[in-house]
Engineer: 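Please read through the structure below; I'll follow up with questions.
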Amino acid sequence: MEKRFIYADNAATTAVSEEVLAAMLPHFREAYGNASSIYKLGRDAQKAVETAREKVAKALGAEPREIYFTSCGSEADNWAIKGTAELMAKKGKKHIITSVFEHHAVLHTTEYLEKHGFEVTYIPVSDKGLIDPEDIRKAIREDTALVTIMYANNEIGTIQPIEEIAAICHEKGVLFHTDAVQAVGHVEIDVHKQGIDMLSLSGHKIHAQKGIGALYIRKGLVLPNLIHGGGQERGKRAGTENVPAIVGLGVAIEAATRNIAEKAAVITPRRNRLIDGILKLPYTRLNGDRDKRLPGNLNISIEGIEGESLLLMLDMNGICASSGSACTSGSLDPSHVLLSLGLKHAVAHGSMRLSIEEDVTDEDVDYILEVVPKIVERLRSMSPVWERMMKGEDYE
Amino acid sequence: MEKRFIYADNAATTAVSEEVLAAMLPHFREAYGNASSIYKLGRDAQKAVETAREKVAKALGAEPREIYFTSCGSEADNWAIKGTAELMAKKGKKHIITSVFEHHAVLHTTEYLEKHGFEVTYIPVSDKGLIDPEDIRKAIREDTALVTIMYANNEIGTIQPIEEIAAICHEKGVLFHTDAVQAVGHVEIDVHKQGIDMLSLSGHKIHAQKGIGALYIRKGLVLPNLIHGGGQERGKRAGTENVPAIVGLGVAIEAATRNIAEKAAVITPRRNRLIDGILKLPYTRLNGDRDKRLPGNLNISIEGIEGESLLLMLDMNGICASSGSACTSGSLDPSHVLLSLGLKHAVAHGSMRLSIEEDVTDEDVDYILEVVPKIVERLRSMSPVWERMMKGEDYE
Amino acid sequence: MLYSEKVLDHFSNPRNVGEIEDADGVGEIGNAKCGDIMKMYLKIDDNTITDVKFKTFGCGAAVATSSMATELIKGKSIDDALKLTNQAVVEALDGLPAVKIHCSVLAEQAVRAALSDYYTKQGIDPVPIVGEIKVPEEE
Amino acid sequence: MLYSEKVLDHFSNPRNVGEIEDADGVGEIGNAKCGDIMKMYLKIDDNTITDVKFKTFGCGAAVATSSMATELIKGKSIDDALKLTNQAVVEALDGLPAVKIHCSVLAEQAVRAALSDYYTKQGIDPVPIVGEIKVPEEE
Ligand SMILES: Cc1ncc(COP(=O)(O)O)c(C=O)c1O
Ligand SMILES: Cc1ncc(COP(=O)(O)O)c(C=O)c1O
C-alpha cells in the first residue's frame, strides 16, 4: 500500500483555488489602491469590490446592497447576533433562540449576551442531529428578538429545515439569522425565497482566502455596527476593504455555487462508501442523519479510542481529518455537538470527521478504508478502555 | 514634461511588497492548513502564525503573547476601546478621554459609547496639530477608564507626545491606548519602554495586505472579546487565522522597522522640498507642525480651490494624492482634522495630502512641483471663490 | 463612489468655463463652507440663450454638472432652459454617485438663479416664472 | 498547540506498550470522560523496576508521556521512580503544549498508582511512601 496525501478536512478549511488566486494576485502589487480613494487606482479597487459584491449577491439570491463584507464567518455571526440584540433591546425584546449545537461563533456570542441581560433558549437537537421547527415555534415569545439556527452543522454536516424555520419566524414576526458557513456552495440557497433575514458565510470554506466573510442583511433591516469607523461598506463596517480577499470571495462563491448538484453526484457515493466501510468496524456509529447531511461529510464515533490519537495516526498516513471542530481541537472537552446527540463523553472523544470534495478519488477512498481499520486496531490494542469494553466492564 | 506615475498616498494604503507577497504565496495553495488543525498541514500553519507574532512583538518591543491579530486597524481600535470600556464599567469607570482629531475608527467608537452611558472628553489640539499632555492630566477624573490618543495623525502626520501622555496616565492609574496605524514603521516604538498599555496597527499601511492588523495588549490586562467564537488567538479573537496575511504582516513589520532612521533621512529632504515648493503659491499654508511630523507627510491648504477637483487633476497627471482621510472622501464635510486646527471650512475643502516613501525620487518631486502650480492656476481661474478673494471680498 | 466616463470628460475638459463681462443674467448658488459654489453667466437675445459661461468651486461632479448644464441650455429658449431638471443633467452625464446628486440640483438651481437675475434686471418679478431658488440640503 | 518531534516520535513508536500478566503493581489513572486513561504495569525485583508496560486511551501527549515515563523508570530503583516528576517527563519530551501539561501529571501519577498497588500487595501502607494519588484538574 503506497502512502498517499488526502485532504479530507474541507470543513476546517480549503485551499485557495487556482482561479481565485489568479483573480486576487493583481490586487497585491498592481491594482493595490484603497477602494475609498478618488484616483483611478482607488476607483479600480472599488469597481473590483462591487463586482465581487454582485457575485456574492447572485450566489445567494440577494441584491448587492444586501451584502456586507466581513473579516470572517465569526465576525458575521457576531455582528448579526449582537447587532440584532442591540436593535431589538430598544423595543424591549431581549430573548434569543438558538440551538445547542451551533458553532462557537454563535454560542459564545449568545453566552456573552446572557451576561448582558439577554435570555437565550437553546433548542435541543434529535439524536440524528436535526432541529424540529415546531420546537422553535414553541420557544418563540412576545419578547423574542432573534432566532439563529445554523444551516448545516460543521461537525456532523446535518442540514436543518431552514425554510420551515424561517416561515415560522416570519409568521411570528421574529428576525431569522442563519450561520451558513458550512452550507454555502454545498446546498442551494436563495435567501429571498427562503425568507432568510441574515446569513453568515466564510470564504475559506469555499476556496477563498481565510479572513474574509460576508453577512447578508435583508434590505430594510438596519443593524447597528459591530466595527465603527470609516465609511466603508456604506458606513456599516469600518476598515479599509481587503480588496484581494474580497475579489477572491466573489470568484470563489461563483465557482462553488455553479454546479452544486453535479458535485454532490460525484461526492455522495464516495462519501457513502466511506461510511459503509468504516461502519464495518465493530462499535462504531454514524453521527448525524445519513440523508439530510452535506454530501462530503461523514462523522463516525469509534469506541475505545481517542480522537486526537486517531488524527495523528491518520496524518502519519497522509490523511488530513478532524475530530470535532478544528477550532476547539486545543480543548480538552469533547465536542458539544456530539454530546448534544446524546453520546457519552468517552464515545464522543473517539470520533472522526471526514469532509471530502471531488478531488478525493475512488482510489483515495480505498486507501482510507485500508488505513483506518489498521489504525483503529492499533489504538484499541493499547487502549485500557477497549480492554474493559471487551471484558464487558463499564468504562465511564 | 513627460507624464509620470507617482504614488504619493502611502498614508491611505501601500502596495504589498515583493518580499511580503513571496512570504504569503505558499499559504494560499500549499501550506493552506487551518492553524487549529492537529495534522502537519495545520501545525505548519500555526508555526507560521507564531513566527509572525514574534516578528510583530519584536518590532514593538513587546512579547509575542501580547500580540493579537485582528482584521484591520479599525477592529483593533474598536476592540481596545470597547473592551476597556466594558472592563472598566464594572468598576464604575465610565469616562473616556480622546482627542478631537482621532481617526474615525476611534471617534465613531467613542460616539457609540456615548450613546451607551459613557462620557467622553475630546481634548483639543493646537493650531499645529499637537496635543498638550497637560490637557490630558487635567481631564483625568476618578472615573476615567481610558485615555486613547493617536500616535501620529493620518491627515497631517503630526506625532504626539505619547511617552509623556503614557506617563501621566500611569501616574494617575488610567489605561492608555494609542492608535499607531500611521506611526508603525515610521517612528521608533517600544511599547514597554514607552508605557503603552494597548496599541493598534494595520498591515496595509506598511506593505502588508489590507484586512490584517494587530492589537498589542500589555500582559496582565485581560480585555473582553470583541469577536466571540472559536479558541483562536488564545481565545481572545475568534475566526480562522488569516495565515497568509498574518505571515505577510510579520515580514512587513520587520522590514518597515528595520531602518526607520535611514528611510527618514532619504524622505525628509524630498518632503521638505515639496513643502517649500508648494508653499511658494500664494494663499497656501502647511497644516500641522513642520518638525513633529511623519517624514513622508505633507498637508497643504490651497485657498480658492476644492480638494476633490485637485485630486482628480493630479490623477490625470499620474499623481495619486489625497485630500483628508481616504475613508471619508465620499463625504461632503471637510476633514474634521483640518477643522480641529481652526481652519475655515472653505480652506479645509481645498487641502491636499501627499504621503511619500523612498520610491518617490527627486525627479518625481520636480515633476510634482511642476504639475501642482499649473493645476492650481487652472482651478483658481474657474473658481468663483478665488475671484472674490482677488476682489478682497469675503467668501464664507 | 464612481464617476462615469462622461463626468470625468466634462470635469477634465469643462465646456463654457469663464465669465461674460456684460452678462444679461448672473446667478450664483451654494457656499464655500459646503464645498460647492456655482456661478452662471447668461447672454440672452430674443428669449434665446445665445451664450453661457460658468465658474465653479467644487468637486468633480460640481464642475461636470455645471459644464453639462451649460451645454444643455446653450442656444435654447428660456422656456427650454426653465425646463432643465437636475435629472436631465444626471442622465446626460450617464449618472452620478448618490452622494453627488446634490451637485446636479445645484447646477439646475444655478441656471434658474441666472434667469431670475435676468428677469429682475428686466424689471419683471422672477418668482412667478422661475420659482423659488432652493439650495439643496446636504445629507 | 505544537508537539515536539520527541512527542511525535514517542506517540508514533510508543515504548513499552502492552500488559504484564503477572505484574507486581498495576495502576490506573484518569477516566474516559475526560479523554485520558493511563494504565501502568510494573514488574519489580529487589526494589528494581525490571519491566514496565502501559496502555493508554488518550491524545498524542497522553500516549507520549506514558511512553516516556516508562522509559524513565525502566531498570531504575523504586526510589528513583518515586522521584519522577511530571516536569522531568515534559523535559525529556522537549516540552509539551500548555494545554497538555496535565498529561504529564497523569503519567507521573500513573507510576505512583502502580507503586502504590505494589506496596498494598506487599501488605505495606503505601501512603507514607508514595503519597496521595492526585488526578490533575482539567482547566
Ligand atoms: C490613524 C488610523 N487609524 C485607523 C485606521 C484604520 O485602519 P484599517 O483601514 O486597517 O481599518 C487608519 C487607516 O485607515 C488610520 O490612518
Ligand atoms: C458553522 C461555522 N460557523 C462559523 C465558522 C467560523 O468561520 P471563520 O473561521 O471564517 O470565522 C465556522 C468555521 O470555522 C463554521 O464551520
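As the structure is a prediction and not an experimental result, all values here were calculated from the model.
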Engineer: When you measure from the side chain of A:R29 to the backbone of B:V16, do you find a donor-acceptor pair of N or O atoms at a distance under 3.5 Å?
Structural biologist: yes
Engineer: Nearest 0.5 Å, please: how far is CD1 in A:I38 from CG in B:D315?
Structural biologist: 9.0 Å
Engineer: Any side-chain heavy atom of A:D9 sitting closer than 4.5 Å to one from B:S37?
Structural biologist: yes
Engineer: A side-chain contact here means heavy atoms from C-beta on lying under 4.5 Å apart; do B:L41 and A:F5 qualify?
Structural biologist: yes
Engineer: Quick check on B:L25 against chain A: is it the side chain, the backbone, both or neither that has a heavy atom closer than 4.5 Å?
Structural biologist: side chain
Engineer: side-chain contact (heavy atoms from CB on, under 4.5 Å) with A:T14: which residues, sequence neighbours excluded?
Structural biologist: A:N10, A:H207, A:E357
Engineer: Between chain B and each of A:L311, A:L226, A:L107, A:L314, count heavy-atom pairs under 4.5 Å; write down the option with the most.
Structural biologist: A:L226
Engineer: Checking heavy atoms, do the side chain of A:L21, its backbone, both or neither come under 4.5 Å from chain B?
Structural biologist: side chain
Engineer: Do A:F28 and B:M24 touch side chain to side chain, with heavy atoms closer than 4.5 Å?
Structural biologist: yes
Engineer: Chain B heavy atoms under 4.5 Å from A:E75: which part of the residue, side chain, backbone, both or neither?
Structural biologist: both
Engineer: Angle between ring planes, B:Y112 versus A:H228, binned at 30° and 60°: parallel, tilted or perpendicular?
Structural biologist: tilted
Engineer: Output yes when a side-chain donor or acceptor of B:N34 lies under 3.5 Å from a complementary backbone atom of A:T13, and no otherwise.
Structural biologist: no
Engineer: Can you say whether A:A31 sits under 4.5 Å from chain B via the side chain, the backbone, both, or neither, judging by heavy atoms?
Structural biologist: neither
Engineer: Sort by residue number and list every residue of residues 77-86 of chain B having at least one heavy atom under 4.5 Å from chain A.
Structural biologist: B:N78, B:K82, B:E86
Engineer: Among the options B:G235, B:A321, B:P224, pick out the one with the most heavy-atom pairs lying under 4.5 Å from chain A.
Structural biologist: B:A321
Engineer: So, does B:H104 use its side chain to make a donor-acceptor pair with the main chain of A:G229 at under 3.5 Å?
Structural biologist: no
Engineer: Pick whichever of B:S74, B:P244, B:G248 has the most heavy-atom pairs under 4.5 Å with chain A.
Structural biologist: B:S74
Engineer: Counting heavy atoms not belonging to B:E18, are there more than 12 under 6.0 Å from its CD?
Structural biologist: no
Engineer: Which residues pass the side-chain contact (heavy atoms from CB on, under 4.5 Å) test with A:E19, not counting sequence neighbours?
Structural biologist: A:S17, A:V251, A:A255, A:R258
Engineer: Among B:G213, B:C320, B:G239, which residue forms the greatest number of heavy-atom pairs with chain A at distances under 4.5 Å?
Structural biologist: B:C320
Engineer: For the atom pair CD1 (A:I212) and OG1 (B:T240), what is the distance rounded to the nearest 0.5 Å?
Structural biologist: 13.0 Å
Engineer: So which residue, A:H27, A:R237, A:E111, ends up with the most heavy-atom pairs under 4.5 Å with chain B?
Structural biologist: A:R237
Engineer: Could I get the full list of side chain to side chain donor-acceptor pair (under 3.5 Å) partners for B:S309, not counting sequence neighbours?
Structural biologist: none
Engineer: What is the distance from atom SG of B:C72 to atom CD1 of A:I227, rounded to the nearest 0.5 Å?
Structural biologist: 5.5 Å
Engineer: Determine whether a donor-acceptor pair (N or O, by modelled atom type, separation under 3.5 Å) exists between the side chain of A:K210 and the backbone of B:Y32.
Structural biologist: yes
